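The structure appears right after this line, and notes come after that.
One is the number of the first residue; the rest follow in order along the sequence. Just follow the structure's listing: the first ligand is 1, and inside any ligand the first atom is 1. None of the values given here were measured: they were computed from a predicted structure.
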Amino acid sequence: MTVIKPRLLTAEAEESATPASVALHDVRAAAARIAGRVVRTPLVTSPSLSRLCGQPVHLKLETRQPMGAFKLRGAMNAVLALTEGQRRRGLVTASTGNHGRAVAYAARELGLAATICMSALVPANKVEAIRSLGAEVRIVGRSQDDAQVEVARLVAERGLIQIPPFDDPDVVAGQGTISLELIEDLPKLACVLIPLSGGGLAAGIAVAVKALRPSATIIGISMERGAAMAAAIAAGRPVAVVEEETLADSLGGGIGLSNRVTFALCRDLIDEVVLLSEAEIAAGIRHAALVENEIVEGAGAVGIAALLAGKVNPSGPTVLIVSGRNIDEAAHRRIVSGANA
Ligand SMILES: *Cc1c(COP(=O)(O)O)cnc(C)c1O
């Protein structure tokens, strides 16, 4: 177990830690900017979950994005919002998960250079996945913090442009574009269940849903093990949390002690945060595979899991954001065959 340190470590990052917000018009601008460069994902009805809840339940399949997660929306919007001069300097991030892949993919699509910094502990298959997208991989140190220090150095010394995983207005607005599609496809939308980690996804969706459908309920869902945003909302400010292993690995990590965008939006716009056990998340992954016929990673299955566990009882047409599909194949097989965490 390691204590999560703030993600923003450098003097430059501290300087930029002035609060910033996102409004409906930012989300609309993002949608126009990224149109044609991300997939307009399908919203499909789940007969089995609809029966269970006695309400229409729909799955928003962000698993269908290139790279298998919604993260491309935010990364693409942030990159397209850069000036020509900034783009030429090249992109950098320390994420090796869905965000890192999205940045590498966006860079390749737009013909830009991207550098992904990672520690020597990152598994070879992840390194290869990022390299195969054409990104430069820099292996530094033995922790995510070491990788983040290298990002700060490249920003300070070489002028590379950091694309943050969630705490950035353009990233939040990009993730929020999901909500415009939802309201188009399901005008009577009453409840949205959103996987919650750094809060870029939840904040972006909530901004537009609360503006266009004020009576709709926004529910954030995290794992019991190390839910940083839930802890921050409870404490009234960002707090350090202990990172633990979880099946919802894409939901791990802190929100940054000098969080400037997502904390305030999540605190103000999320109606309720629900926490799930590992067994409940496993049941969500299993249901997705066996009943919905979708390969879904732990983070993407938390909406399904919350309904199955009876922890959310929606009233009215409900959407579950199925946020990603990147799960280790062997782990997926083990979970689907019935083994819990
Ligand atoms: C990043 C991620 C999340 C959480 O998004 P935040 O904006 O950090 O809250 C959820 N699901 C998947 C699959 C992700 O990659």
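- Identified under the salt bridge (charged side-chain N to carboxylate O under 4.0 Å, His left out) test for residues 298-326, with sequence neighbours left out: Glu224-Lys311, Glu280-Lys311.
- One finds a salt bridge joining Arg138 and Glu150 here, because a Lys/Arg side-chain nitrogen approaches an Asp/Glu carboxylate oxygen to under 4.0 Å.
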Which pairs of donor and acceptor atoms, one on a side chain in residues 79-86, lie under 3.5 Å apart (sequence neighbours left out)?
unit_1 : atom_1 : unit_2 : atom_2 : d
Thr83  : OG1    : Gln86  : N      : 3.1
Thr83  : OG1    : Gln86  : OE1    : 3.3
Gln86  : OE1    : Thr83  : N      : 2.9

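- Legend: salt bridge (charged side-chain N to carboxylate O under 4.0 Å, His left out) pairs involving residues 170-196, not counting sequence neighbours, sorted by first then second residue: Arg40-Glu184, Arg40-Asp185, Lys60-Glu181, Arg73-Glu181.
- At a threshold of 4.0 Å, the pair Asp328-Arg334 does not count as salt-bridged, since none of the basic side-chain nitrogens sits closer than that to a carboxylate oxygen.
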N or O contacts of ligand 1 with protein under 3.5 Å, please list pair by pair.
unit_1   : atom_1 : unit_2 : atom_2 : d
ligand 1 : 7 (O)  : Gly200 : N      : 2.9
ligand 1 : 7 (O)  : Leu201 : N      : 2.9
ligand 1 : 8 (O)  : Gly198 : N      : 2.9
ligand 1 : 9 (O)  : Ser197 : N      : 2.9
ligand 1 : 9 (O)  : Gly198 : N      : 3.2
ligand 1 : 9 (O)  : Gly199 : N      : 2.7
ligand 1 : 11 (N) : Ser323 : OG     : 2.7
ligand 1 : 15 (O) : Lys71  : NZ     : 2.7
ligand 1 : 15 (O) : Asn98  : ND2    : 2.8

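- Evaluated for a side chain to side chain contact (heavy atoms under 4.5 Å, CB included) with Cys53, the options Val312, Leu307, Asn313, Thr318 yield exactly one hit, Leu307.
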